[in-house]
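This structure is a prediction, so every number in the text was calculated from the model and none was measured.
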Amino acid sequence: CPALPTAEFADVTAEMYQLGTRLYYECDSGYKRRSGQHSVIRCQSVKQGASWDYKEFECIDEKTLLSTAPTTKSNFTQKPERKTPQKQENFSEFDQKEQEVIAKDLCGPPRTIPHASLSPNKKFYVGQVLHFKCQRGYDKRPPTSGTRTCKKENGKIIWTHLDMRCTNDS
């Protein structure tokens, strides 16, 4: 998909991710990634469907790095997702078949990790639906949340129009 157009004062989330999607965890301020661990996760195909491939990842307090205090490990597993997108748009017959294949192999939202957040994804695939919501503190102009979908239209891959506006006007 082309680069995602920006939406001022809005946060972007997704409920489902296509196979091959890679996301990255970043430790919050005051925390560091434990040495030797990787922050990347990937939506991959497994026997039962699609699942996130989690590596061991932990964000630890920077103060802990200076001490020898024991830390606890977190084990992350996710059951394969078999959901279908909530909203199907009107696609051509070819695109509809493609959407049906994609719907069978989608990963759900990644797990949360203590003291970490996901960095914004910059690579998306046809069929990806992104949800936009106004940030706290900004006036909401109807509609207050909306979606954008990466789709193939007339042989071109585009993002659908986002009919949403967030402002801090009084």
Side-chain angles (χ1 to χ4, degrees), residues 1-86 102-140 144-150 157 159 162 164-168:
C1 296
L4 180 67
T6 58
E8 258 192 324
F9 314 118
D11 292 321
V12 182
T13 61
E15 294 175 7
M16 307 299 278
Y17 295 88
Q18 273 74 33
L19 286 173
T21 298
R22 290 176 189 261
L23 298 176
Y24 299 85
Y25 286 105
E26 293 177 349
C27 292
D28 296 337
S29 180
Y31 293 84
K32 295 283 184 195
R33 174 179 51 89
R34 184 176 287 284
S35 179
Q37 295 182 349
H38 300 283
S39 62
V40 67
I41 59 173
R42 185 173 62 98
C43 179
Q44 65 179 9
S45 181
V46 292
K47 211 175 205 179
Q48 301 83 9
S51 178
W52 288 108
D53 175 24
Y54 290 98
K55 304 284 188 240
E56 190 173 332
F57 182 77
E58 185 179 13
C59 291
I60 54 176
D61 192 318
E62 288 177 337
K63 296 171 198 156
T64 305
L65 291 172
L66 302 174
S67 75
T68 57
T71 58
T72 58
K73 284 190 174 184
S74 300
N75 185 16
F76 298 101
T77 57
Q78 179 188 14
K79 292 183 179 178
E81 297 291 334
R82 281 279 186 186
K83 296 181 192 173
T84 57
Q86 292 177 351
I102 290 172
K104 293 178 186 174
D105 293 315
L106 295 171
C107 287
R111 292 192 182 262
T112 57
I113 291 181
H115 314 295
S117 57
L118 287 166
S119 63
N121 192 19
K122 291 180 173 62
K123 185 175 181 182
F124 298 101
Y125 300 89
V126 171
Q128 179 70 63
V129 178
L130 299 177
H131 303 269
F132 292 77
K133 186 174 182 176
C134 292
Q135 294 172 347
R136 186 182 302 217
Y138 288 87
D139 294 333
K140 299 172 182 177
T144 56
S145 64
T147 61
R148 264 200 151 125
T149 303
C150 179
I157 298 175
W159 285 102
L162 177 65
M164 181 184 100
R165 198 173 67 142
C166 303
T167 68
N168 59 356

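- Summarising the geometry, atom CD1 belonging to Ile60 is positioned 9.0 Å from atom OG belonging to Ser35; distances are rounded to the nearest 0.5 Å.
- The side chain to side chain contact (heavy atoms under 4.5 Å, CB included) test applied to Leu118 returns Leu23, Tyr25, Pro110, not counting sequence neighbours.
- Within the 4.5 Å cutoff, the side chain of Val40 has no heavy atoms near those of the Arg42 side chain.
- Nearest approach of Met164 to Gly146, heavy atoms of both residues: SD-N, 3.5 Å.
- Judged purely by atom type and a 3.5 angstrom limit, Gln37 uses its side chain to pair as donor or acceptor with the backbone of Glu58.
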For this session: Step by step, work out the side-chain contact (heavy atoms from CB on, under 4.5 Å) result for Trp159 and Thr149.
Result: CA-CA 5 Å; Trp159 285 102; Thr149 303; 5.7 Å; no
Exercise. So Phe57 and His38, side-chain contact (heavy atoms from CB on, under 4.5 Å) or not? Walk me through it.
Worked result: CA-CA 6 Å; Phe57 182 77; His38 300 283; over 6 Å; no
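- Of all the heavy atoms in Leu19 and Gln44, the pair that sits closest is CD2-C, 3.3 Å.
- Considering all non-hydrogen atoms of both residues, Tyr31 and Glu62 come closest at N-CG, 4.0 Å.
- Under the side chain to side chain contact (heavy atoms under 4.5 Å, CB included) criterion, Gln135 pairs with Phe9, Asp11, Tyr138, sequence neighbours left out.
- Cys1 approaches Val126 most closely through the heavy-atom pair SG-N, 3.6 Å.
- Between the side chain of Ser119 and the backbone N or O of Tyr24, at least one donor-acceptor pair lies under 3.5 Å.
- The two atoms that bring Ala14 and Leu130 nearest to each other are CB-CD2, 3.8 Å, heavy atoms only.
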Problem set entry | Candidate pair Cys27 and Lys32, rule side-chain contact (heavy atoms from CB on, under 4.5 Å), full reasoning | CA-CA 6 Å; Cys27 292; Lys32 295 283 184 195; 5.7 Å; no
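- Lys133 is not listed as a side-chain neighbour of Thr13, based on a closest heavy-atom distance of 4.5 Å or more.
- For the pair Pro5/Leu162, no side-chain contact is recorded, criterion being any heavy-atom separation below 4.5 Å from C-beta on.
- Rounded to the nearest 0.5 Å, atoms CZ (Arg165) and CD (Glu8) are 11.0 Å apart.
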Problem set entry | side-chain contact (heavy atoms from CB on, under 4.5 Å) between Lys55 and Ile41, intermediate numbers included | CA-CA 7 Å; Lys55 304 284 188 240; Ile41 59 173; over 6 Å; no
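- Inter-residue side-chain proximity for Cys107 and Thr21 is flagged as unmet; no heavy-atom pair is nearer than 4.5 Å.
- Heavy atoms only, all atoms of each residue included: Ala116 and Asp28 are closest at N-OD2, 3.5 Å.
- Trp52 and Tyr17 have perpendicular rings, their planes meeting at more than 60° on a 0 to 90° scale where under 30° would count as parallel.
- Here the CG atom belonging to Asp53 is positioned 10.0 Å from the SG atom belonging to Cys43, to the nearest 0.5 angstrom.
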